[in-house]
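Convention: sequence-line order gives letters A, B, ...; per-chain numbering from 1.
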Amino acid sequence: MKINLYNTLTRQKEAFKPIRGNQVGLYTCGPTVYNYAHIGNLRTYIFEDILKRVLVYNGYDVKHIMNITDVGHLTGDRDMGEDKLEAGARREGKTAWEIAEFYTKAFQSDLEKLNILDPTTWCKATDTIPEQIALIQELEEKGFTYRTSDGIYFDTSKFPGYTKLSHQDLDALQEGARVERNPEKRNSTDFALWKFSPEDVRRQMEWESPWGIGFPGWHIECSAMSMTYLGDQLDIHAGGTDHIDVHHTNEIAQSEAATGKRFFNFWMHGAFLIIAGGKKMAKSEGNFLTLDGSFTERGIDPLVYRFAAFLTHYRKPMEYSEEAVAAARNGLAHLRNQVRAIREKSGGRTGTVDTGSKDRFLSEINDDLNMPRAMAAVQEMLKSNLPPADKLATILDFEKVLGLELDRVDDTEGLPPEVLEKVDARNKARADKNWALSDQIRDELQAMGFVVQDTKDGTTVFPS
RNA sequence: GGCGGCAUAGCCAAGUGGUAAGGCAGAGGUCUGCAAAACCUCCAUUCCCCAGUUCGAAUCUGGGUGCCGCCUCCA
């Protein structure tokens, strides 16, 4: 079935077609590892996970690269300010390398909790320094660079299609620029490819280069890594919407200037998470929420957040609130209970995937990843007249895309002995019609974290 | 100031010309000793406001109002 994806380059949905046969090269911008990811960041990775799962579900062989930016990303603007990693190191009294390692692990742990599939290859900016240097050299040979007192810069005026992604009017943009100019830059949009280490300060992360000791600029690593790992399989590049105007625009400029070839056919961007009051989530806004802080540590399944993310289309700002969490929490619990009930009705047997429901589901996810509609399709399937065994097979098939652990089977055999004893005692009390004792035991079990359900076939108990 | 986006029920949210998906919350019912869970039913004559185009508009056009994002580190 055809997949339509919204391409920022053309500002419209386009039929997706890989460059080479059945293979898809997917590059997703990973984090700069100087701090924890907040749940707004994670929304984008959930969107990218759905993108990948949808491609796989459609039968494509996806080669997915995600980078870890562990050097070169500056705290200031316009290529000024301090390296975020070095700043983080000073803040926490560790080395920049330790900072990168620590926050990379924390990030990967978040992805795992959200059931986000690992990329085919993780790559670190610091592992591709030679490739980045080679790319800069190529740009230098072709006359796209110039040298200032603090680094090697890309001259954006020499690349004709500079605004093809952002669609911005550069003249107007310059007039409105609110930031301090770097006086040595020829154009305000020019950006650093290589920065020299300061003469008086020894950086923790620095490398030899043809231009002197220093470190790479923020944008060059993504170009080098995508070309290194994907070669000519540059199909889809995804990231957050904030990257359109600067980061991705610069990536395209430097890559296409160097190779003379088109750099990625599809550019996809996820919208921000906003909190009540309508502000985006950012450290500077003072509303930095982490997955662990908002979910794991409060005893809420992190997949509740994944479920919540499905209820808003990825290109639209998503509102986050305690109310939204509660709604998603109930919604996911309900969905899992529905699956549980269906499994009981079918006696645990799975039938065949219903083609009509699958076609409906496919048409929704293949229409620019319309998860809100896909979730509606899921509900309609579950409430249909299909035989339970077929419903079970169908929902488990959808689960390949959803990744909500709907197939998680509660291990009733693994219940602790003290729970089983209480269940026995309660069953006896119920047989004696001693409702007071029965209710008391049920309260005790609930306090222990178990749900008690009486059905006509007996009592079932499972962790809540 | 420039560019872009959004405004749909109590809340979240699909829907881009043919008469308002879905979720959460709420109400009633079936089941149950009572619950819980599940299931069934109900829940926007109406889509920010005003004008226009059209047989027909939440969807198109013009104007207005409000909110947000990017342009500056940022998913």
Taken to the nearest whole Å, CG/Leu85(A) to P/rC73(B) is 17 Å

Minimum heavy-atom separation for His313(A) to Asp368(A), with atom names?
-> CE1-O, 2.9 Å

What is the distance from CG of Asp49(A) to P of rA75(B), rounded to the nearest Å?
-> 18 Å

Write down the distance separating the P atoms in rC24(B) and rU19(B), rounded off to the nearest Å.
-> 26 Å

Would you indicate what Arg336(A) reaches in the nucleic acid, counting non-hydrogen atoms under 4.0 angstrom: base, sugar-phosphate, or nothing?
-> nothing

Measure from CH2 on Trp435(A) to P on rU32(B) and round the result to the nearest Å.
-> 12 Å

Please report, rounded to the nearest Å, how far the P atom of rA37(B) is from the CG atom of Leu382(A).
-> 17 Å

Side chains of Leu85(A) and Val71(A) in contact at under 4.5 Å (non-hydrogen atoms) = no

Roughly how far apart, to the nearest Å, are rG23(B) and rG64(B) at atom P?
-> 40 Å

Distance-minimising heavy-atom pair for Pro216(A) and Gln132(A) = CB-OE1, 3.1 Å

Is Val325(A) close to Ile300(A) at the side-chain level, that is, under 4.5 Å between some pair of heavy atoms?
-> yes

Which value, in whole Å, describes the distance between the P atoms of nucleotides rG15(B) and rU59(B)?
-> 15 Å

Rounded distance in Å - CD1 (Ile244(A)) to C1' (rC3(B)) | 11 Å

Which nucleotide in the set rG33(B), rA75(B), rC70(B) lies at the smallest distance from any side-chain heavy atom of His243(A)?
-> rA75(B)

Answer with base, sugar-phosphate or nothing: what part of the nucleic acid does Arg315(A) contact at a heavy-atom distance below 4.0 Å?
-> nothing

Check whether any side-chain N or O of Gln446(A) sits under 4.0 Å from OP1 or OP2 of rA35(B), and answer yes or no.
-> no

Just how far, in rounded Å, is C1' of rG69(B) from CD1 of Ile274(A)?
-> 9 Å

Could you tell me which non-hydrogen atom of Asn115(A) sits nearest to which non-hydrogen atom of Leu404(A), and how far apart they are?
-> ND2-N, 4.4 Å

Output, in order, the C-alpha distance, side-chain angles, deciding distance and verdict of salt bridge (charged side-chain N to carboxylate O under 4.0 Å, His left out) for Lys52(A) and Asp49(A).
-> CA-CA 5 Å; Lys52(A) 177 163 111 182; Asp49(A) 186 56; 5.3 Å; no

Residue met sooner reading RNA chain B from 5', once Arg430(A) and Ala271(A) are mapped to nucleotides = Arg430(A)

When the P atoms of rC49(B) and rU65(B) are considered, how many whole Å apart are they?
-> 15 Å

Would you say Tyr36(A) and Phe107(A) make side-chain contact, with heavy atoms under 4.5 Å?
-> no

Is Gly331(A) touching bases, backbone alone, or none of the nucleic acid, heavy atoms closer than 4.0 Å?
-> sugar-phosphate

Is there a side-chain contact between Leu273(A) and Ile39(A), using heavy atoms and a 4.5 Å cut-off?
-> yes

List, with names and distances, any nitrogen or oxygen atoms from the protein found under 3.5 Å away from nitrogen or oxygen atoms belonging to nucleotides 9-16 of chain B.
residue : atom : partner   : partner atom : Å
rC12(B) : OP1  : Glu319(A) : OE1          : 3.3
rA14(B) : OP1  : His313(A) : N            : 3.0
rA14(B) : OP2  : Lys316(A) : NZ           : 2.9
rA14(B) : O3'  : Asn370(A) : ND2          : 3.3
rG15(B) : OP1  : Asn370(A) : ND2          : 3.1

Can you tell which of rC73(B), rC3(B), rA37(B) lies closest to the side chain of Trp218(A)?
-> rC73(B)

Atom C1', compared across rA75(B) and rG17(B): separation rounded to whole Å | 36 Å

Look at the side-chain N and O atoms of Asn330(A) and state whether any lies under 4.0 Å from the OP1 or OP2 oxygen of rA25(B).
-> yes

Dot-bracket notation for RNA chain B is requested: 5' to 3', Watson-Crick or G-U wobble pairs only, both distances under 3.5 Å, with ( ), [ ], | and . as defined.
-> ((((((((.[[[..)..(...]]].(((((.......))))).....[[[[[..)....]]]]])))))))....

Is His269(A) touching bases, backbone alone, or none of the nucleic acid, heavy atoms closer than 4.0 Å?
-> nothing

rG1(B) versus rC11(B) - spacing of their C1' atoms, nearest Å | 36 Å

Angle class for the His269(A)/Trp267(A) ring planes (parallel below 30°, perpendicular above 60°, tilted otherwise)?
-> parallel

Nearest heavy-atom approach of Leu289(A) to Ser294(A) is CB-OG, 3.5 Å

Apply the test ring pair (Phe, Tyr, Trp, His ring centres under 6.0 Å) to residues Tyr34(A) and Tyr103(A): give CA-CA distance (whole Å), side-chain angles for both, the deciding distance (0.1 Å), then the verdict.
-> CA-CA 6 Å; Tyr34(A) 68 106; Tyr103(A) 289 110; 7.8 Å; no

Counting any heavy atom closer than 4.0 Å, what does Val378(A) reach on the DNA or RNA strands: base, sugar-phosphate only, or nothing?
-> nothing

Between rA51(B) and rG56(B), how far apart are the P atoms? Round to whole Å, please.
-> 16 Å

Considering heavy-atom distances to RNA chain B, does Thr241(A) or Ala377(A) have its closest nucleotide positioned more toward the 5' end?
-> Ala377(A)

Which of residues 383-404 of chain A have a heavy atom under 4.0 Å from RNA chain B?
-> Lys383(A)

Report yes if some heavy atom in the side chain of Met381(A) is under 4.5 Å from a heavy atom in the side chain of Phe361(A); otherwise report no.
-> no

Sugar-phosphate only, base, or nothing, as touched by Arg442(A) at under 4.0 Å among non-hydrogen atoms | base

Scan Ser438(A) against the nucleic acid and name what it touches under 4.0 Å (heavy atoms): base, sugar-phosphate only, or nothing.
-> base

Indicate the ring-plane relationship of His247(A) and His219(A), choosing parallel, tilted or perpendicular according to the 30° and 60° boundaries.
-> tilted

For atom P, what is the distance between rG18(B) and rA25(B), given to the nearest Å?
-> 33 Å

What nucleic acid atoms does Glu48(A) come within less than 4.0 Å of, heavy atoms only: base, sugar-phosphate, or nothing?
-> nothing

Nearest whole angstrom, please: distance from the P of rG4(B) to the CD of Gln12(A).
-> 16 Å

Under 4.0 Å: is that the gap between some side-chain N or O of Gln379(A) and OP1 or OP2 of rG22(B)?
-> no

With a 4.5 Å limit on heavy-atom distance, are the side chains of Leu335(A) and Leu382(A) in contact?
-> yes

Sub-4.5 Å side-chain heavy-atom contact between Leu5(A) and Glu14(A) = no

Do Asp242(A) and rG69(B) share a donor-acceptor pair, side chain to base, under 3.5 Å?
-> no

What's the CD-C1' distance between Glu380(A) and rA21(B), to the nearest Å?
-> 6 Å

